[in-house]
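Below: the structure, in structure tokens.
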Amino acid sequence: MRIPFIAGNWKMYKTIAEAKAFAKEFKALYHDTDVKTAIFAPFTQLQSLVSEFDGSGIAVGAQNVHFEKEGAFTGELSVQMLEEIKVDYCLVGHSERRQYFGETDETVNLKLKALLCSKILPVLCVGENLEEREEGKAKLLVGAQVKAAFDGIDSKDAEKVTVAYEPVWAIGTGKTATPEQANDMCACIRETLTELYDEETADRIVIQYGGSVKPENATEIMNMEEIDGALVGGASLEPLKFIEIVNF
Ligand code: PEP
């Protein structure tokens, strides 16, 4: 059985003081639930959030990592550095990293492999842009991203990865994919995972939808058969909105 997983991606928002204030307010609203909950925060806030959320059941994730153990990679952080501060998850291949920071299918694959050698669980983001959807290439493109990301990863490790389907045209735009469009692509991702592995493995992999999820549409999205969770950007910055999504 797949456990629902709702995660917030704060992108490049909040200072440490603001993150601590969020954590205090959110913890007071949060009651232990069957829904896995996590916040993906900028690097400087991770340590405070790990300590604020300790024992609360709320997990903390980083938004990026380098795939090498160490080296002359100015401005980067290694998996070991994230492990040292007890981060639970790490995003890989968010579309903003693909679009603005040169993330490729190849580096995504290397990052997944590096994380899978650690205790940190990866959340892999995939998704098509508007042009690709309009040209009818969305499924092909997303399928290719999934295949490239999981290349050389065995089924035992593959089960540890969460996949977030995030159509680029729906991120931060206020435009949401219809629940049917999102469900359809999540089903397609599971079919690709079945092709790569087997039905049992594919059935165990949690697939989230992300793209303008908010309290008003969370229930409908989460009720779709193939959607196991949500990756939430803007609406995760406010405790009251994010708790409503977690309690969908
Ligand atoms: C995201 O950052 O992954 C995201 C889905 O953003 P938003 O919810 O703001 O569209």
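Whatever order the structure lists ligands and atoms in, that order sets their numbers, starting from 1.
- Residues E52 and K27 are paired through a salt bridge, judged by an N-O separation under 4.0 Å between the basic side chain and the carboxylate.
- Aromatic ring pairs are classed by plane angle as parallel below 30°, tilted from 30° to 60° and perpendicular above 60°; the pair Y30 and F26 is tilted.
- Of the heavy atoms in I171, both backbone and side-chain atoms come closer than 4.0 Å to ligand 1.
- If you check the side chains of E131 and W169, you find no donor sitting under 3.5 Å from an acceptor.
- The ring of F5 has its center closer than 6.0 angstrom to the ring center of Y89.
- Atom 3 (O) of ligand 1 has as its closest protein heavy atom E166 OE2, 2.7 Å.
- In terms of protein heavy atoms, atom 1 (C) of ligand 1 is closest to H94 NE2, 3.4 Å.
- Scanning the protein for heavy atoms near atom 9 (O) of ligand 1, the closest one is G234 N, 2.9 Å.
- Applying the 4.0 Å criterion to heavy atoms of N9 picks out, from ligand 1, the atoms 1 (C), 2 (O), 3 (O).
- Side chains of T107 and E103: a donor on one and an acceptor on the other come within 3.5 Å.
- The contact set between ligand 1 and G211, taken as ligand atoms under 4.0 Å from a residue heavy atom, comprises 5 (C), 10 (O).
- Closest non-hydrogen pair, A182 versus Y209, comes out as CB-CD1, 3.6 Å.
- The minimum heavy-atom distance between A62 and L46, with the atom names listed, is CB-CD1, 3.8 Å.
- Using a 4.0 Å cut-off to heavy atoms of S212, the atoms of ligand 1 that qualify are 7 (P), 8 (O), 10 (O).
- Looking at E96 next to ligand 1, no N or O pair under 3.5 Å apart turns up.
- Residues D198 and T201 bring a donor and an acceptor atom of their side chains to less than 3.5 Å of each other.
- Within the 4.0 Å heavy-atom shell around ligand 1 one finds A170.
- In the candidate list G172, G8, S95, G233, G233 is nearest to atom 8 (O) of ligand 1, counting heavy atoms.
- Using a non-hydrogen distance threshold of 4.0 Å, K214 does not register as a contact of ligand 1.
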